[in-house]
Structures are given as C-alpha cells and as structure tokens.
Amino acid sequence: MSEGLRARKKARLHQGIVDTAVDLFRERGYEKTTVEEIVRRVEISQPTFYKYFGSKDAVLREVAGGMLREWAQEAEAAARHEGESTGAALRQIFAMMAATMLEDRALWECIVLADALNPMRAPEQRDADRDATRGISAILARGQRAGEITERFPAVRLAENLIAMQVLACLAWGVGMLEGGSIEEVLAENLDFFLRGAATAKE
C-alpha cells in the first residue's frame with residue numbers, strides 16, 4: 001500500500017470515528033456515550049480507537065477546536081472590515097457564536113461537560129484562542145483609534161475580558177444554568193454592557 005493511500009485510509013477512519021462519536025453524543029448525551037459504543041458502531045477495536053484518540057473527551061476537544069477556529073476566523077474577518085463600527089463588528093461575531101451553539105445544543109452540552117474548551121486541558125485549543133483574542137483585540141484597537149473605545153487599557157486586555165464574559169455565558173447556557181434570556185439575548189446584552197463600560201465617554 002502506498003504512503004498516500006495509507007494516509008487517506010487513516011484520515012477516513014479518523015473522520016469516521018469523529019462522525020460516529022458526535023452522532024452518539026447527540027443521541028445519548030455525554031455520560032451515556034462510551035468508547036465501547038463508539039468502537040462497536042465504527043466496527044473497530046478499542047486499541048484502534050486509542051491510536052487516534054486518548055479518550056471520548058479527546059474527540060470532543062477536536063470538535064470544539066473546529067468551532068473555535070471558525071469563531072477565530074470570523075473575528076479576524078471582522079477585524080478587516082475597516083468601515084464597520086466597533087459594536088457592529090463585535091455583534092456579528094457573537095451572533096455567529098450563538099447561532100453555532102443553537103444549531104447543535106445537544107453537542108454543545110457535551111463539549112461543556114467534557115471541559116473541551118479549557119486550554120489547560122486542551123492545549124491544542126490555544127492557537128485558536130490566541131487567534132480569536134487577536135481578532136477581537138484588533139477590532140477594539142480600531143475602535144480606540146476611532147475614538148469609540150477607551151485607551152486607558154490595552155486593547156488586548158479589553159479583548160480578554162470581553163471574551164471571558166461571553167465564554168462564561170456560553171458555558172452556563174450549555175448546561176442549562178444561564179438565566180435572564182436566550183443565548184443570543186444574553187450575548188448581546190453582555191456586549192452592550194461591555195461597550196458602555198469601555199466607551200470613551202467614561203473617561
């Protein structure tokens with residue numbers, strides 16, 4: 001078997017494991033989905049599964065990483081839209097986040113329960129985290145130059161605080177602990193709160 005064919009076969013099996021595991025997480029939830037059931041459905045052995053993933057949580061970390069990369073790309077794209085206001089650019093990003101989670105609530109709950117977004121547990125997420133922070137920081141820096149956002153704090157610190165607030169709401173929503181509205185409404189309210197606090201009028 002050629003190296004190219006072998007690589008394609010591995011890639012197909014890898015994706016097959018992910019797709020099957022995701023289907024099971026949606027059907028059964030985090031606790032009731034087991035490696036044993038995943039390998040039974042894929043028709044592979046457990047040792048084969050463990051060649052690709054160290055645990056069922058590792059599958060969810062990969063899926064979560066894909067979401068993070070999409071959000072980071074959205075932030076970086078919004079940062080390039082020079083004509084947009086700070087608020088409009090940020091609303092676009094967080095509306096996209098809310099839409100992604102609403103589209104697959106059951107899977108998002110599993111991601112939260114697996115702690116799959118935690119960069120301490122999932123170091124492979126760190127690059128995507130940094131990219132998202134960089135994109136939002138660029139938007140805020142543009143707002144500072146336009147006189148919309150305070151310059152009392154570095155744009156990167158403002159970005160880190162905004163992201164932390166929004167991610168906390170997303171995690172709470174994932175496990176049914178978010179109060180005070182839908183995830184879209186809460187992310188929008190959080191952003192409005194942040195923008196009022198970070199406005200230059202406060203100086």
| If only atom types and distance count, is the side chain of Glu185 paired as donor or acceptor with the main-chain N or O of Ser182 below 3.5 Å? | yes
| field | Flag, side chain of Thr200 to backbone of Gly147, donor-acceptor distance under 3.5 Å | value | yes
| task | Apply the side chain to side chain contact (heavy atoms under 4.5 Å, CB included) test between Lys10 and each candidate in His14, Arg6, Arg8, Arg12; give the one that qualifies. | result | Arg6
| request: Determine yes or no for a side-chain-to-main-chain donor-acceptor pair under 3.5 angstrom, with Gln46 supplying the side chain and Val35 the backbone. | output: no
| field | Trace of the salt bridge (charged side-chain N to carboxylate O under 4.0 Å, His left out) decision for Arg41 with Glu37 | value | CA-CA 6 Å; Arg41 286 225 188 156; Glu37 182 62 14; 3.5 Å; yes
| Hey, which of Asp19, Thr20, Val18 is the one that makes side chain to side chain contact (heavy atoms under 4.5 Å, CB included) with Val22? | Val18
| task | State whether the side chain of Arg196 and the backbone N or O of Leu191 hold a donor-acceptor pair below 3.5 Å, judged by distance alone. | result | no
| query | With no hydrogens and no angle check, is any side-chain donor or acceptor of Trp108 less than 3.5 Å from a backbone partner on Cys170? | reply | yes
| said: Less than 4.5 Å apart, side chain to side chain, heavy atoms only: is that true for Glu84 and Ile139? | reply: no
| query | Which atom names give the shortest non-hydrogen contact between Leu68 and Ala128, and what distance separates them? | reply | CB-CB, 3.7 Å
| message | Under 4.0 Å between a side-chain nitrogen and a carboxylate oxygen: does that hold for Arg69 and Asp131? | response | no
| query | Taking the side chain as C-beta and beyond, is there a heavy-atom pair between Val42 and Thr48 under 4.5 Å? | reply | no
| Mind checking whether Phe49 and Ile44 have side chains closer than 4.5 Å, heavy atoms only? | yes
| message | Closer than 3.5 angstrom, by distance alone: can the side chain of Asn161 be matched with the main-chain N or O of Arg157 as a donor-acceptor pair? | response | yes
| message | Please find the pair of heavy atoms, one from Leu195 and one from Gly87, that lie closest to each other, and give the distance. | response | CD1-CA, 3.8 Å
| request: Run the numbers on Asp57 and Arg121 for salt bridge (charged side-chain N to carboxylate O under 4.0 Å, His left out), then give the verdict. | output: CA-CA 10 Å; Asp57 288 7; Arg121 284 201 65 204; 3.4 Å; yes
| Does the pair Arg126/Asp129 count as a salt bridge with the N-to-O cut at 4.0 Å? | no
| query | Rounded to the nearest 0.5 Å, how far apart are CG of Leu140 and CD of Glu160? | reply | 11.0 Å
| said: Treating Gln144 as the side-chain partner and Phe153 as the backbone partner, does any N or O pair qualify as donor plus acceptor under 3.5 Å? | reply: yes
| query | Do the numbers put Lys56 on top of the ring of Tyr30, so that NZ or CZ is under 6.0 Å from the six-membered ring centre and no more than 45° off the axis? | reply | yes
| remark: Heavy atoms of Ile183 and Ala169 approach each other most closely as CD1-O, 4.0 Å
| said: So does Pro123 get a backbone contact from the side chain of Arg61, meaning a donor-acceptor N/O pair under 3.5 Å? | reply: no
| Smallest separation among heavy atoms of Glu148 and Ser85, with atom names | OE2-CB, 3.8 Å
| task | For the pair Thr33 (side chain) and Gly29 (backbone), establish whether a donor and an acceptor sit closer than 3.5 Å, ignoring hydrogens and angles. | result | yes
